Undergrad: 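Just passing along the structure, written as structure tokens.
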Amino acid sequence: MQIREALELAAARLRGGPHPDRARRDAEWLLLQITGKNRAWLVAQGDEEFGGCTAVRYASLVERRLAGEPIQYITGEVEFYGLPFRVTPDVLIPRPETEHLVEAAIAIARGSEAARIVDVGTGSGAIAIALAHHLTSHRLTATDLSEAALAVARDNAQRNGVSVRFLHGDLLGPVADESFGLVISNPPYVPEIDRPSLSVEVRDYEPSTALFAGPEGLDVYRRLIPQAFRVLNPRGHILLEIGYGQADAVRALLEGYGFFSVRVLPDLQGIPRVLDAMRGKD
Ligand SMILES: C[S@@+](CC[C@H](N)C(=O)[O-])C[C@H]1O[C@@H](n2cnc3c(N)ncnc32)[C@H](O)[C@@H]1O
């Protein structure tokens, strides 16, 4: 069978799966991953023979995708804020909308005394590593409850040539005696009640400890916000990613715990996505 035929067969098979709209793109992406080639090769050499072990491995990757496994876990790769990250099922796949959080953090850190930054629930390390890459004079710390996630994050820091202090523990517990200019977090915020309505990709493949946070999705914010108040400098900021419809509730928590100047930042769809608040009045 020619390479081109193998690709078309795989795409046809994926059209019967959960994402028929992405079938051709996914089939091509998996083929390029497995052969280590690029699209130019595919166009130029598409009539070459395709068989043996590579064809068998390709077929098995296509079956995993057909079952709903996220393409990023199959290839083990994702790009976040222009940087390459390794991902495994131990970590949440970093989302494009989280780039808004990083963008806001860079703007705040460059304009204030955010010399020490802590990323809570770092997962793959995406946020902390992107910040370390762009804010070279700031010192980055990151925590996570999952040792397995921290192993991936450490690997990603090394891969991107940045230095981040990774600590294992509950929220800000590992740094309770320290002080920071910026606490940043994309914590678990999916309400338990939404579990059945999540896509197979998210529900069956991503770590549930990275997703769910009690009945309304607010449990982690309720614990994290008062902890952040204690470790922040008087002029420090907290930056939180929030889920759909959570802006008012999280704003009330921030104000209730004594934060000032709460700002709601929308994503590209105009949906409130990030909350920024200050520890002191100015
Ligand atoms: C939504 S994921 C975010 C991962 C990464 N920051 C990102 O944006 O892609 C939440 C992360 O918080 C971690 N986590 C959950 N509960 C935690 C806790 N109590 N303390 C520290 N980390 C926690 C999970 O293991 C997971 O890695």
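Remember, predicted model here, so these are calculated numbers, not experimental data. As the structure lists them, so they are numbered: ligands from 1, and atoms in each ligand from 1. Below, all heavy atoms of this structure are taken into account, side chains as well, without hydrogens, waters or symmetry copies.
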Undergrad: Could you tell me, for ligand 1, which of its N or O atoms are under 3.5 Å from any protein N or O, listing the pairs and their distances rounded to 0.1 Å?
TA:
{"from": "ligand 1", "atom 1": "6 (N)", "to": "Gly121", "atom 2": "O", "distance (Å)": "2.9"}
{"from": "ligand 1", "atom 1": "6 (N)", "to": "Thr122", "atom 2": "O", "distance (Å)": "3.4"}
{"from": "ligand 1", "atom 1": "8 (O)", "to": "Asn186", "atom 2": "ND2", "distance (Å)": "2.8"}
{"from": "ligand 1", "atom 1": "19 (N)", "to": "Asp170", "atom 2": "OD1", "distance (Å)": "2.6"}
{"from": "ligand 1", "atom 1": "20 (N)", "to": "Leu171", "atom 2": "N", "distance (Å)": "2.8"}
{"from": "ligand 1", "atom 1": "22 (N)", "to": "Leu145", "atom 2": "N", "distance (Å)": "3.2"}
{"from": "ligand 1", "atom 1": "25 (O)", "to": "Asp144", "atom 2": "OD1", "distance (Å)": "2.7"}
{"from": "ligand 1", "atom 1": "27 (O)", "to": "Gly123", "atom 2": "N", "distance (Å)": "3.4"}
{"from": "ligand 1", "atom 1": "27 (O)", "to": "Asp144", "atom 2": "OD2", "distance (Å)": "2.7"}

Undergrad: Sorted by first residue and then second, give each side chain to side chain donor-acceptor pair (under 3.5 Å) pair with at least one member in residues 121-136; sequence neighbours left out.
TA: Asp119-Thr122
Undergrad: Check for a donor-acceptor pair, side chain of Arg116 on one end and backbone N or O of Ser179 on the other, with a separation under 3.5 Å.
TA: yes
Undergrad: Ring pair (Phe, Tyr, Trp, His ring centres under 6.0 Å) with Phe166: which residues, sequence neighbours excluded?
TA: none
Undergrad: Check the pair Phe212 / Tyr189 against ring pair (Phe, Tyr, Trp, His ring centres under 6.0 Å), numbers first and verdict last.
TA: CA-CA 6 Å; Phe212 300 105; Tyr189 57 64; over 10 Å; no
Undergrad: Per the salt bridge (charged side-chain N to carboxylate O under 4.0 Å, His left out) rule, what does the pair list look like for residues 38-48, sequence neighbours excluded?
TA: Glu28-Arg39
Undergrad: If you take all heavy atoms of Ala10 and Tyr58, which pair is closest and at what distance?
TA: CB-OH, 3.3 Å
